[in-house]
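Here's the structure we're looking at; comments come further down.
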2 protein chains.
Amino acid sequence: MERKPGTVRERLLETADRLFYATGIHAVGIDRVIAESGVAKSTMYVHFRTKEDLVAAYLRRRSDIMRARVTREVEARAEEPAEERILSVFDVLHEVISEPGFRGCAFANAAAEYPHHADVQEAIAYDRTWLPALFSRLLGPLRSDNDDELMAALVQVYDGANAAAHLDDSKKSARIARKTAELLLATRKPAPNSNRTAANAGD
Amino acid sequence: MERKPGTVRERLLETADRLFYATGIHAVGIDRVIAESGVAKSTMYVHFRTKEDLVAAYLRRRSDIMRARVTREVEARAEEPAEERILSVFDVLHEVISEPGFRGCAFANAAAEYPHHADVQEAIAYDRTWLPALFSRLLGPLRSDNDDELMAALVQVYDGANAAAHLDDSKKSARIARKTAELLLATRKPAPNSNRTAANAGD
DNA sequence: TATCGAACGAACAGGTCTGTTTGACAAAAC
DNA sequence: GTTTTGTCAAACAGACCTGTTCGTTCGATA
């Protein structure tokens, strides 16, 4: 029985995304979300049981959007080598960081505010799976013996660029991170100099 | 005219640190801070004009403590090569991450909660200066042509380890970050094989 | 001993917060 | 045409928030 299909929920989520991300979650009350959504409070509580529920939905939605955006980019480069496809993730990150209103990783920010709330923690965990999974999928053909660590390192570099861009208000970090990622990938690639286990300085 | 020298302020800051870091800043009211400090509310407002003032002081104090901890470690290795000294920062980070109650970078967390508050932003900026400054000082003798970018990359990797450890609840990230940092340092080092221990004759 | 300053404690002001309730209304479904 | 469903508006409860006020206590100092 939708007056207009799914608009109320979507409007709430869009407003929540905008306000929560820009201002912080605890700093934005339900009253403001519903006012700027043009939705009655009672209606909101029909769609979301609690504020925490709304927060979790906001995070899941944001995760899905980012995942789709990255996936689109990576799939557009289906013909390129795996390394290039992985690095293109950092190009998307560069775009994101460059957008006005960028304020760091929404999930890191949410984790800062909601340390002990199950629903929110679940939504954060939900987001944390896809990037490693994507790297893992793309790394598949490489078959290096410590891909797991490489993958973790790449995720870390991604997180670091996100955090540094936020804290230092710098737009350059994704470019720098891309170079670090290149380095990580180049070193462990089954390359001409054959020896790719653990970067020992005594080479 | 202190009953016991400086205890009230310090007790407030210790409690603020414990509660704000563990639970989030907005989630902890002044009432709880003063209750657990054993300080009257009116007394607290003598020492700190506003809650934001207390938050900023909490952050500055935490920054100073961490800086001192890292500096101690780095100075203890005054005889080692600059690369080793830089890498030892990641060893300290590993310790920090491994401590019970670790919940990510306090400054990133505060930035998430207080986007538009001058005092808090200043305290965060205050923290953001020392790590690049330390790296810069240690890198001094290396004199590579893009030390600035290397420095930024190292800071990023540090931030990434912090963030990933928090979000993934993993203790391994500082070790992984250390390897990434090794890679960064090894690649841009002027002479890959030179075993010069006393290159840092700055003192 | 008299004075002063630091801290206490408890109430209070004025907001804001989440979440609930109620009654009405309009559109879609039957 | 009646019922169901989604939505609205507004008031309300009860808790919690920051920050202020004010009279009191108590130790140090002069």
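In this text the structure is predicted, and so the values were computed from the model without any measurement. Quick note on labels: first sequence line is chain A, next is B, and so on, each numbered from 1.
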Looking at [X] and [N], is any side-chain donor or acceptor paired with a base atom of the opposite kind under 3.5 Å?
X	N	result
B:Ser42	C:dG9	yes
A:Lys51	C:dG19	no
A:Lys41	C:dG19	yes

May I have the distance from [X] (atom [atom1]) to [N] (atom [atom2]), rounded to whole angstrom?
X	N	atom1	atom2	value
B:Tyr45	C:dG9	OH	P	17 Å
B:Leu54	D:dC17	CG	P	14 Å
B:Ile34	C:dC8	CD1	P	9 Å
B:Ile25	D:dC17	CD1	P	15 Å
B:Glu10	C:dA6	CD	P	18 Å
B:Met44	D:dT21	CE	C1'	15 Å
A:Ile30	D:dC17	CD1	P	18 Å
B:Asp53	D:dT18	CG	P	14 Å

Checklist entry - Closest to the A:Val8 side chain: C:dG19, D:dT7, C:dC8? => result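 From the listed options, D:dT7 comes nearest.
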Checklist entry - Does A:Arg60 count as lying over the ring of A:Phe107, i.e. NZ or CZ under 6.0 Å from the six-ring centre, within 45 degrees of the axis? => result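 Ring-cation test returns no.
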Checklist entry - Does the ring of A:Tyr21 carry A:Arg62 above it, NZ/CZ under 6.0 angstrom from centre and within 45° of its axis? => result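 The answer is yes; both the distance and angle limits are met.
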Next on the checklist: Strictly below 4.0 Å: does A:Thr43 bring a side-chain N or O up to OP1 or OP2 of D:dC8?
Outcome noted: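 Yes.
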Checklist entry - Taking for each residue the nucleotide of DNA chain C bearing the nearest heavy atom, is the 5' side occupied by A:Arg49 or by A:Ala27? => result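 By nearest-heavy-atom nucleotide position, the 5'-most residue is A:Ala27.
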Next on the checklist: Counting the atoms with a prime plus P, OP1 and OP2 as sugar-phosphate, which does B:Val46 contact under 4.0 Å by heavy atoms, base, sugar-phosphate, or nothing?
Outcome noted: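 No contact.
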Next on the checklist: Regarding A:His47, tell me which of base, sugar-phosphate or nothing describes its non-hydrogen contacts under 4.0 Å with the strands shown.
Outcome noted: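 Sugar-phosphate, no base atom in range.
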Checklist entry - Once you round to the nearest 0.5 Å, how far does CG of A:Asp119 lie from OG1 of A:Thr50? => result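 With rounding to 0.5 Å, CG (A:Asp119) is 6.5 Å from OG1 (A:Thr50).
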Item to check | With A:Leu139, the side chain to side chain contact (heavy atoms under 4.5 Å, CB included) member among A:Leu150, A:Leu134, A:Asp148 | outcome: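 Looking at A:Leu150, A:Leu134, A:Asp148, the match for A:Leu139 under the side chain to side chain contact (heavy atoms under 4.5 Å, CB included) is A:Leu150.
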Checklist entry - More than 12 non-hydrogen atoms from neighbouring residues, nucleotides or ligands closer than 6.0 Å to CD on A:Glu79, yes or no? => result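 Counting other residues, nucleotides and ligands, CD of A:Glu79 stays at 12 neighbours or fewer.
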